[in-house]
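What follows is one structure encoded as structure tokens, with my remarks underneath.
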Protein chains: 2
Amino acid sequence: MRSGMVSIKEVAEEAGVSTATVSRVLSSSDHVRPELRQRVMEAVEKLQYRPNLVARSLRSQQSNTIGLIVSDIRNPFFTSISRAVEDSAYKQGFSVLLCNTDEDPEKEKIYLQLMRDTNVAGVIFSPTRQIMSDLASLPFDFPMVIVDRSVPDVDVDTVLLDNVESAYRLTSHLISNGFRRIGALFGETSTTGIQRQRGYEEALKAHGIPLVPEYIKHLQPRVEASYKIATSMLQLPHAPDALLTSNSLIMEGALQALRACNLSIPEDIALVGFDETPWTLLVQPAITIIAQPTDEIGKTAADLLFQRIAIPTRPTRQIILKGQLMVRGSSTPLHLKAM
Amino acid sequence: MRSGMVSIKEVAEEAGVSTATVSRVLSSSDHVRPELRQRVMEAVEKLQYRPNLVARSLRSQQSNTIGLIVSDIRNPFFTSISRAVEDSAYKQGFSVLLCNTDEDPEKEKIYLQLMRDTNVAGVIFSPTRQIMSDLASLPFDFPMVIVDRSVPDVDVDTVLLDNVESAYRLTSHLISNGFRRIGALFGETSTTGIQRQRGYEEALKAHGIPLVPEYIKHLQPRVEASYKIATSMLQLPHAPDALLTSNSLIMEGALQALRACNLSIPEDIALVGFDETPWTLLVQPAITIIAQPTDEIGKTAADLLFQRIAIPTRPTRQIILKGQLMVRGSSTPLHLKAM
DNA sequence: TTGTAGGCGTTATCAA
DNA sequence: TTGATAACGCCTACAA
């Protein structure tokens, strides 16, 4: 169809050699007489020939594309991950197919099938909890790396944050700053939320603070859902004196809720969460968070994937990266509060 | 290579028909005896057959992939665009190849070549100014839609904001609120910056306010660059009483600079810019901006592209969408300032 | 060292 | 209505 479509055959004719010779010159490996090599390269130049990657992929049964399947690229965590992945891929000569699942298992399945049908070299995937039980039986026969979420009982490369530990530290930080009634909003679709809840609960227990069911909520990781649930939690008879949120979208909704209720931070209520975003430092007070090393997570995931593509039988690895507690004004100790 | 790789040939054998018949059943167009159709569908089901899209693409000379080439997916504007594009693509059965160019003309060329080599159905592209002169001579023979930036002298579908007009309105808003010394930070890599500068200058002229060269800066659209240049502008003998920024990254850097200089907004200085981000409403005071309809821009670009893919000879269109001025606290009138 | 030829999995043409 | 068969563009035994 394409006008400028010039194939290896035409190059061969132009150079007066066979297509095999052209192919050899291009793969640059084999022995080709310098003179012929020269002729071929001139023909390539003259005709502006570029190998058709589709044909190459069909023939070689592999491709230079990897898939990146996340819930929503607009989640700053995934935005950053995707950039890091794309960078690594670019350096390796790969390109990235971007897929948003909206935490919808159906879309996840569809995209996994697409990855198979399209013969990608591999996939970096952040799955919902629902899909995971099916994961073993699903038709993914390509290399895969899981990011951000853990998949128990499946032998697969994984890059994770130390979620339990990070949530524990974040919660302990609040407690040691004098906060006791710590409301917590967790995403309900991922294992990450569960793990962070565990860290939160362990920290409370370790400090002898009872769990209050009304202070623990699970929700879709969306701004609106979070706004709504945070607002209702703020209207409890014994409203929390601190809010812990398990990702930046939930934090955004919670902050909107605090603003709408005219509460000052941290005088009326503290706010902490996960993920560095442009705004955690821009709002006043700045927000105390666990910063995830998103660049490194993305880069590590890509590295793992390329290693597995290179050596499919390689033993799988689970890499756990540490989050960093960034203490800021939103969780200033009670005794420092204005009276 | 793949274990589960089952081809049309095996389906044909299983069903006791030819591959042609299987193909016909799958493309569902041709006339096939119901009984055979049934047998084929059973075989497909039994073998879990899925067509190999690479082979299909090679044969049909078209693909179900589109390219999205932007400067940086982490720019909230492009984050949002990419999500909208992916949504539209998904609905049309296409998937999206994501490319970050970092405003680097070399990377732009490489990615455009990749798009050609990979035989994508089309490309949505946000080009630098540098690449545009080459654009006509570059080997892009695929359908293309330009977003966010204008390409003069090239006949190509385009989706744009009314940049001149929007910047004019934003500047006029500042002026009518009593601000006179309006510093402005524009991105230097895109036509967008230039157009917004024009709107800014026209507004000043229309109100009889002289242009001050020191108040006009061009920079890489990055937070750090913006922070640096904003800081130096704030240290001018006659520092600006308002800052206009041409995208959200520049606005972010400028806001950091204001914070670092301990200036209050809008008492000491006003701040306005382009693009809705999570934080324009979360910081206090909220930031006055021109909101771009990113969802619509992305959707429109995708629509244009699919239409062009369907009818390559279709006359090109330039679609200009209107930005919306969102007046907020960061540009409150001078006479309302605390004295 | 070079060329011929077959096949990757599809679809489309042409006979039957 | 169905089935051989020939491409799509590339790579790679194998033969020369």
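To find a chain, count down the sequence lines: A is the first, B the second, and so on, and within it residues start at 1.
For the OP1/OP2 pair of D:dA7 and a distance below 4.0 Å, the side-chain nitrogens and oxygens of B:Gln61 include no atom meeting the criterion. For A:Arg59, no side-chain nitrogen or oxygen approaches OP1 or OP2 of D:dG9 to under 4.0 Å. Distances shown here put a side-chain N or O of A:Thr21 below 4.0 Å from the OP1 or OP2 atom of C:dG3. Taking side-chain N and O atoms only, B:Arg33 has no distance below 4.0 Å to OP1 or OP2 of D:dT1. Dashed line: the shortest gap from a side-chain N or O of B:Ser7 to OP1 or OP2 of C:dG9 is not under 4.0 Å.
Atom CZ in B:Arg50 sits about 11 Å away from atom P in C:dT10, given to the nearest Å. Atom-to-atom, CD1 of B:Ile8 to P of D:dG3 comes out at 12 Å; the value is rounded to the nearest Å. Counting to the nearest Å, the P atom of D:dT1 and the CD atom of B:Glu35 are 14 Å from each other. The NZ-C1' distance, from A:Lys9 to C:dG3, rounds to 15 Å in whole Å. As a whole-Å value, the separation of B:Leu26 CG from D:dT2 C1' is 16 Å. Distance CD (A:Gln62) to P (D:dC10): 16 Å, rounded to an integer number of Å. The nearest whole Å value for the distance from the CG atom in B:Leu58 to the P atom in D:dC11 is 12 Å. Atom OH of B:Tyr49 and atom C1' of C:dT10 are 7 Å apart (whole Å).
Nearest nucleotide to the B:Asn52 side chain, out of C:dA12, C:dG9, D:dC10: C:dG9.
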So A:Lys9 and A:Glu13, salt bridge (charged side-chain N to carboxylate O under 4.0 Å, His left out) or not? Walk me through it. CA-CA 6 Å; A:Lys9 200 171 157 189; A:Glu13 281 169 14; 5.2 Å; no

Using the rule given for salt bridge (charged side-chain N to carboxylate O under 4.0 Å, His left out), can you reason through A:Lys91 versus A:Asp87, listing the C-alpha separation, both sets of side-chain angles and the distance that settles it, and then say yes or no? CA-CA 6 Å; A:Lys91 284 177 191 144; A:Asp87 272 359; 5.4 Å; no

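Mapped onto DNA chain D by nearest heavy atom, B:Ser18 and B:Ala55 fall at different nucleotides, with B:Ser18 at the one closer to the 5' end. Of the two residues contacting DNA chain C, namely A:Thr19 and A:Val32, the nearest-nucleotide position lying further toward the 5' end is that of A:Val32.
Evaluated for a side chain to side chain donor-acceptor pair (under 3.5 Å) with A:Arg308, the options A:Asp303, A:Asp157, A:Thr316 yield exactly one hit, A:Asp157.
For B:Arg24 and D:dG3, a side-chain-to-base donor-acceptor distance below 3.5 Å is present, hydrogens and geometry of angles not being considered.
A pairwise comparison of heavy atoms in B:Ala55 and A:Leu58 identifies CB-CD1, 3.7 Å as the closest pair.
Salt bridge present: A:Arg83 and B:Asp102 bring a charged side-chain N and a carboxylate O closer than 4.0 Å.
Note on B:Val17: only backbone sugar-phosphate atoms sit closer than 4.0 angstrom, heavy atoms only; bases stay farther off.
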